[in-house]
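Notes to accompany the following structure.
In this text, all values refer to a predicted model and were calculated from it rather than measured experimentally. We count residues from 1, following the sequence as given.
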Amino acid sequence: MTITNRLPPLAPEDWSDEQRTLAEEVIQGPRGALLPPFQALLRSPELMAHAQRLGEYLRYRSAIGLRLSELAILVTARYWGQPVEWEIHAPIARGQGISEQAIDAIQHQQRPADTALQQDEWLVYQFCQQLHQQKHVSDDIWQQSVAQFGEAAVMDLIGINGYYSLLAMVMNVARTPAQHTPTGF
């Protein structure tokens, strides 16, 4: 059975004025391109507008910082089995200093080795794992996270998990194909 993209990119000549304005906003912004989740979201311009602005904040300016955001994105992408997000963010996470051992373990749904993550990365990993798998975070991980990062950063971490879950749902339902499907997906 061939799996086809249910919501492939719309041809620019078919965009409405509203879609064109929003697409150009994304292209001219820090992303620099109309990436796959926004190609699908373009069908609902107002939703896309709100989602892309939220994502722009969470990805580029969150209080948790880029390195830890990328780790949270990978945990979320893997939880949702989302190869497009993985393909986009694994190289960024590497570039931000997340170890190859940790990335490989997360990709294969394994707990990273004790030496694979720094202390703050372990805290983010545990926070995200608990949030996705148990649908809450333990008092211990909550208290450690607030002590380490502060409430604003922890709120942003929750937002990153939720936002990238939304994008994963969009692309999973749309059947958005990755350029090169990562091993293990």
Would a distance-only check, ignoring hydrogens and angles, find a side-chain to backbone donor-acceptor pair under 3.5 Å from [X] to [Y]?
{"X": "Gln130", "Y": "Ser138", "answer": "yes"}
{"X": "Gln134", "Y": "His136", "answer": "no"}
{"X": "Asp156", "Y": "Ser62", "answer": "no"}
{"X": "Gln19", "Y": "Ser16", "answer": "yes"}
{"X": "Tyr79", "Y": "His132", "answer": "yes"}
{"X": "Arg6", "Y": "Arg175", "answer": "no"}
{"X": "Trp122", "Y": "Leu117", "answer": "yes"}
{"X": "His108", "Y": "Asp104", "answer": "yes"}
{"X": "Arg20", "Y": "Pro12", "answer": "yes"}
{"X": "Gln39", "Y": "Leu34", "answer": "yes"}

Basic-acidic side-chain contact under 4.0 Å: Glu121, Arg67: yes
Lys/Arg-Asp/Glu bridge criterion (N-O < 4.0 Å) met for Arg61, Glu56: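 Judged by the 4.0 Å cut-off on N to carboxylate O distance, Arg61 and Glu56 do form a salt bridge.
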Residues, nucleotides or ligands: over 12 heavy atoms within 6.0 Å of Asp14 CG: yes
Enclosure of Glu46 CD (heavy-atom neighbours >12, cutoff 6.0 Å): no
Once you round to the nearest 0.5 Å, how far does [atom1] of [X] lie from [atom2] of [Y]?
{"X": "Glu100", "Y": "Gln107", "atom1": "CD", "atom2": "CD", "value": "8.5 Å"}
{"X": "Asp120", "Y": "Leu68", "atom1": "CG", "atom2": "CG", "value": "4.5 Å"}
{"X": "Met155", "Y": "Ser145", "atom1": "CE", "atom2": "OG", "value": "12.0 Å"}
{"X": "Glu70", "Y": "Ile160", "atom1": "CD", "atom2": "CD1", "value": "8.5 Å"}
{"X": "Gln129", "Y": "Ile106", "atom1": "CD", "atom2": "CD1", "value": "7.5 Å"}
{"X": "Ile73", "Y": "Tyr163", "atom1": "CD1", "atom2": "OH", "value": "9.0 Å"}

Residues Gln144 and Asp140: side-chain donor-acceptor under 3.5 angstrom: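 Yes, because at least one side-chain N or O of Gln144 sits under 3.5 Å from a partner of the opposite role on Asp140.
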Residues Glu25, Gln52; criterion side chain to side chain donor-acceptor pair (under 3.5 Å); working and verdict: CA-CA 9 Å; Glu25 183 179 323; Gln52 86 85 16; 2.7 Å; yes
Listed partners of Phe127 passing ring-ring contact (aromatic ring centres under 6.0 Å, His included), at least two apart: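 Counting only residues at least two positions away or on another chain, Phe127 forms no ring-ring contact (aromatic ring centres under 6.0 Å, His included).
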Min side-chain heavy-atom separation Leu7-Thr176 under 4.5 Å: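 Leu7 does not reach Thr176 side chain to side chain.
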Steps toward side-chain contact (heavy atoms from CB on, under 4.5 Å) verdict (Leu41, Leu47): CA-CA 7 Å; Leu41 282 166; Leu47 174 60; 3.8 Å; yes
